[in-house]
> 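One structure follows; several queries about it will come next.
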Amino acid sequence: MGRSRIVWVIGVVLVFFSSCRTKEKVSTVAILPRLTGKEIIRNLEDTDFDFASVFFKRVVINIEDDNQNLSFKANVFLIKDSSVVVSILPAMGIELYRVLLEPGGFKVLDRLNKEVTLSGYETLNSRFLVQLDFDLIQNILTNRLFNYPAESDKAIHNYDVGVDHSSYLLSSVNHRKLQRIYNHGTHELVLHQISIDPGIFRINGNKISDIGAGLNVNIDYSGFEEYGNKKAVFPQKIAVTGSKNDKSFKVSIKFGEVDFDGDSRISFKVPDKYETVYR
């Protein structure tokens with residue numbers, strides 16, 4: 001194993017098992033009670049809330065990668081396990097694009113060029129570096145548990161349990177296995193760690209690291225507040241950062257308002273005269 005690879009693996013160990021970052025919390029717990037993975041997940045389920053739809057209003061989205069930096073406003077309407085519609089609004093408030101995400105792929109209405117583009121999620125993977133699909137996008141937006149990669153044989157309730165200074169940690173790989181991989185020079189491994197607030201039992205963040213692909217992604221949540229009649233504790237902001245070899249990206253999503261099971265919604269209909277483009 002070369003020196004750069006050794007340094008990289010050591011960095012993974014430090015990031016995943018020795019994180020000391022201070023994060024904004026709704027509550028703090030001085031000493032974390034010892035809990036099993038099943039108990040942690042049960043607490044997450046107890047504080048969770050059911051919904052049929054959610055409307056994210058006055059959303060501010062910033063996307064930055066090696067080629068460009070975009071900032072725009074949007075409204076986002078999600079129907080659970082079915083669809084996500086995004087209405088993208090520039091500074092003047094006139095919609096330029098409307099995006100429909102579904103389990104089988106996504107469509108983009110281009111109002112300016114009168115086109116509708118049809119594509120699969122693989123076209124997003126090269127830009128955002130991770131294996132995106134509808135379920136992953138939905139779970140990130142709604143602050144819910146997921147395992148990565150989706151086809152992983154290891155269920156979340158079998159993740160290894162740990163703690164840092166302020167959170168419970170569920171990790172797909174424990175210390176011993178990571179050490180064996182380091183000693184034997186095996187590069188094919190995906191690490192996934194979930195950070196959980198011990199006071200409100202909501203997800204603080206996810207870390208994904210694919211050693212073989214040189215991939216590192218952090219998904220962080222902040223600004224938790226109660227919303228609506230459901231008293232749903234939900235983050236105001238999602239920050240996603242990622243790097244893969246010589247590529248990198250950053251995405252920040254800030255919600256102006258979050259409305260669960262309300263009357264507002266966004267539809268998606270393709271005008272008859274729009275040209276269809278496949279990508």
Side-chain angles (χ1 to χ4, degrees), residues 26 41 43-63 72-89 93-109 111 116-121 124 128 130 132-148 150 156 194 196-197 200-206 219-240 251-271:
V26 169
I41 293 173
N43 280 320
L44 281 170
E45 292 172 344
D46 288 343
T47 59
D48 205 356
F49 48 91
D50 196 20
F51 63 92
S53 67
V54 55
F55 199 122
F56 302 100
K57 301 178 181 180
R58 299 189 304 278
V59 183
V60 178
I61 302 174
N62 293 285
I63 301 175
F72 53 89
K73 295 181 179 180
N75 291 312
V76 181
F77 179 63
L78 183 152
I79 299 177
K80 188 177 178 181
D81 300 329
S82 176
S83 64
V84 178
V85 179
V86 184
S87 175
I88 298 175
L89 308 168
I94 302 173
E95 182 183 70
L96 288 183
Y97 300 96
R98 185 167 293 197
V99 182
L100 172 66
L101 305 172
E102 296 178 301
F106 66 93
K107 301 175 184 178
V108 180
L109 285 181
R111 301 293 192 189
V116 56
T117 300
L118 280 62
S119 187
Y121 290 102
L124 298 178
F128 297 111
V130 294
L132 288 173
D133 59 21
F134 178 83
D135 288 337
L136 180 57
I137 293 171
Q138 174 180 249
N139 289 330
I140 291 173
L141 282 175
T142 56
N143 189 234
R144 295 202 162 202
L145 283 170
F146 65 85
N147 63 322
Y148 186 92
I156 291 177
I194 306 165
I196 299 159
D197 186 292
I200 58 174
F201 276 97
R202 301 299 300 172
I203 299 169
N204 280 333
N206 288 269
I219 305 166
D220 295 309
Y221 300 92
S222 60
F224 285 85
E225 288 191 355
E226 286 189 349
Y227 288 91
N229 295 330
K230 292 180 180 291
K231 300 296 182 181
V233 178
F234 200 79
Q236 293 178 304
K237 186 175 181 180
I238 306 173
V240 184
V251 178
S252 69
I253 303 172
K254 186 175 181 180
F255 305 125
E257 183 180 345
V258 183
D259 184 17
F260 293 95
D261 295 334
D263 296 328
S264 299
R265 56 191 58 238
I266 307 174
S267 62
F268 189 93
K269 183 178 180 180
V270 180

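Keep in mind the model is a prediction, meaning the values are calculated, not measured.
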> Could you report the tightest heavy-atom contact between Y221 and I203, atom names first, then the distance?
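Shortest heavy-atom separation between Y221 and I203 comes out as CD1-O, 3.4 Å.
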> Enumerate, atom names and distances included, each donor-acceptor pair closer than 3.5 Å involving a side-chain atom of residues 264-271, sequence neighbours excluded.
none

> Distance-only criterion, 3.5 Å: show the donor-acceptor pairs between side-chain atoms of residues 79-88 and protein atoms not counting sequence neighbours.
from : atom 1 : to   : atom 2 : distance (Å)
K80  : NZ     : D50  : OD1    : 2.9
D81  : OD1    : Q138 : NE2    : 3.0
S87  : OG     : E95  : OE2    : 2.4

> Among residues at least two apart in sequence or on other chains, which ones pass side-chain contact (heavy atoms from CB on, under 4.5 Å) with D259?
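Listed in chain order: F55, K57.
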> If you look at every heavy atom in L101 and Y121, which pair is closest and at what distance?
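Minimum heavy-atom contact is CB-OH, 3.6 Å.
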> Side chains of Q236 and S222: does their closest heavy-atom pair fall under 4.5 Å?
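Counting from C-beta outward, Q236 and S222 never come under 4.5 Å.
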> Who are the side-chain hydrogen bond (donor to acceptor under 3.5 Å, both in side chains) partners of N75, not counting sequence neighbours?
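N75: no side-chain hydrogen bond (donor to acceptor under 3.5 Å, both in side chains) contacts found.
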> Could you check whether any side-chain heavy atom of T47 comes within less than 4.5 Å of a side-chain heavy atom of V233, counting everything from C-beta outward?
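With C-beta onward as the side chain, the pair stays apart.
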> Might you point out which heavy atoms bring F201 and L44 nearest each other, and give the distance in Å?
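In this case the closest contact between F201 and L44 is O-CD2, 3.1 Å.
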> D135: what forms a salt bridge (charged side-chain N to carboxylate O under 4.0 Å, His left out) with it, not counting sequence neighbours?
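Applying salt bridge (charged side-chain N to carboxylate O under 4.0 Å, His left out) to D135 gives none.
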> Please identify each residue that fulfils salt bridge (charged side-chain N to carboxylate O under 4.0 Å, His left out) with R58, with sequence neighbours left out.
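Residues passing salt bridge (charged side-chain N to carboxylate O under 4.0 Å, His left out) with R58: E257.
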> Can you list everything that forms a ring-ring contact (aromatic ring centres under 6.0 Å, His included) with F134? Sequence neighbours excluded, please.
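Expected list: none.
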> Please find the pair of heavy atoms, one from L89 and one from I94, that lie closest to each other, and give the distance.
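Answer, listing the atom of L89 first, then I94: CD2-C, 4.2 Å.
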> A quick test of your reading: do over 12 heavy atoms of other residues, nucleotides or ligands sit less than 6.0 Å from CG of D46?
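Yes, enclosed.
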> Centres of the F260 and F234 rings: under 6.0 Å?
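Yes, they do, as the ring centres are separated by less than 6.0 Å.
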> Any ion pair linking R202 and D48 (charged N to carboxylate O, less than 4.0 Å)?
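Here D48 pairs with R202 in a salt bridge, since their nearest N and O are under 4.0 Å apart.
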> According to side-chain hydrogen bond (donor to acceptor under 3.5 Å, both in side chains), who are the partners of N147, at least two apart in sequence or on a separate chain?
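If we apply the side-chain hydrogen bond (donor to acceptor under 3.5 Å, both in side chains) test to N147, skipping adjacent residues, there are no hits.
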> List the residues meeting side-chain contact (heavy atoms from CB on, under 4.5 Å) with L118, not counting sequence neighbours, and say none if there are none.
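Partners of L118 under the side-chain contact (heavy atoms from CB on, under 4.5 Å) test: K107, V116, T276, Y278.
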> Suppose we screen for ring-ring contact (aromatic ring centres under 6.0 Å, His included). Which residues come up paired with Y97, at least two apart in sequence or across chains?
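Once residues adjacent in sequence are excluded, Y97 has no partner under the ring-ring contact (aromatic ring centres under 6.0 Å, His included) criterion.
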> Restricting to non-hydrogen atoms, name the atom on N204 and the atom on I196 that form the minimum distance, rounded to 0.1 Å.
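What the structure gives for the nearest pair is ND2-C, 4.0 Å.
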